[in-house]
Novice: 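Quick one: this structure, given as structure tokens, is what I'll be asking you about.
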Amino acid sequence: MSVNNTVGQRKMTIFNSEAELLELLARMDAIIAACADGSLEFRAFHQELGHLHGHYALDGHESDEEERMILDRHRERASLGSSVCLKK
């Protein structure tokens, strides 16, 4: 996915801002918590989390340099969702 968002003079590939990334990570945290407390079935959990991980390329492979720096600041949080989603 290459969105190429432009905010002022900045050009980010996936996210418009760090705040948008943090909103996504909060959504991922909520999905993980819902599965852990039993309010979300595993199949739905895996589908929702996998969609977010794949759609937003949280490993940074489609990001520009600025976005990779932002992802690096939140790597631990993003990698939790990635590691859970990649294990079937």
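The shown structure was predicted, so the numbers you read here are calculated from the model rather than taken from an experiment. The chain is numbered in sequence order, starting from 1.
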Novice: Go through the structure and list residues passing side chain to side chain donor-acceptor pair (under 3.5 Å) with Arg68, not counting sequence neighbours.
Specialist: none
Novice: Do Ile31 and Leu22 share a hydrophobic cluster, counting only Ile, Leu, Val, Met, Phe, Trp and Tyr and linking them when any side-chain heavy atoms are less than 4.5 Å apart?
Specialist: yes
Novice: Do any N or O atoms from the side chain of Glu67 and from the backbone of Phe15 form a donor-acceptor pair under 3.5 angstrom?
Specialist: yes
Novice: Please report the shortest heavy-atom distance between Phe45 and Leu40, naming the atom on each side.
Specialist: CA-CD2, 3.6 Å
Novice: side-chain contact (heavy atoms from CB on, under 4.5 Å), that's the test. Do Leu21 and Ile14 meet it? Break it down for me.
Specialist: CA-CA 9 Å; Leu21 169 63; Ile14 306 292; over 6 Å; no
Novice: When rounded to the nearest 0.5 angstrom, what distance separates CE in Met69 from OG in Ser63?
Specialist: 12.5 Å
Novice: List the steps and the verdict of side-chain contact (heavy atoms from CB on, under 4.5 Å) for Met28 and Arg77.
Specialist: CA-CA 9 Å; Met28 291 175 67; Arg77 220 170 141 196; over 6 Å; no
Novice: Could you work out, with salt bridge (Lys or Arg N to Asp or Glu O under 4.0 Å) as the rule, every residue matching Arg27, not counting sequence neighbours?
Specialist: none
Novice: Output every pair passing salt bridge (Lys or Arg N to Asp or Glu O under 4.0 Å) with a member in residues 30-55, not counting sequence neighbours, ordered by first then second residue.
Specialist: none
Novice: Please identify each residue that fulfils side-chain contact (heavy atoms from CB on, under 4.5 Å) with Ala33, with sequence neighbours left out.
Specialist: none
Novice: Can you tell me how far apart NE2 (His74) and CG (Leu24) are? Round to the nearest 0.5 Å.
Specialist: 11.5 Å
Novice: Which atom pair, heavy atoms only, marks the closest approach of Gly60 to Leu71?
Specialist: CA-CD1, 3.7 Å
Novice: Suppose we screen for side chain to side chain donor-acceptor pair (under 3.5 Å). Which residues come up paired with Arg75, at least two apart in sequence or across chains?
Specialist: Asp72
Novice: Using 0.5 Å steps for rounding, measure from the CG atom of Asp59 to the OG atom of Ser79.
Specialist: 11.5 Å
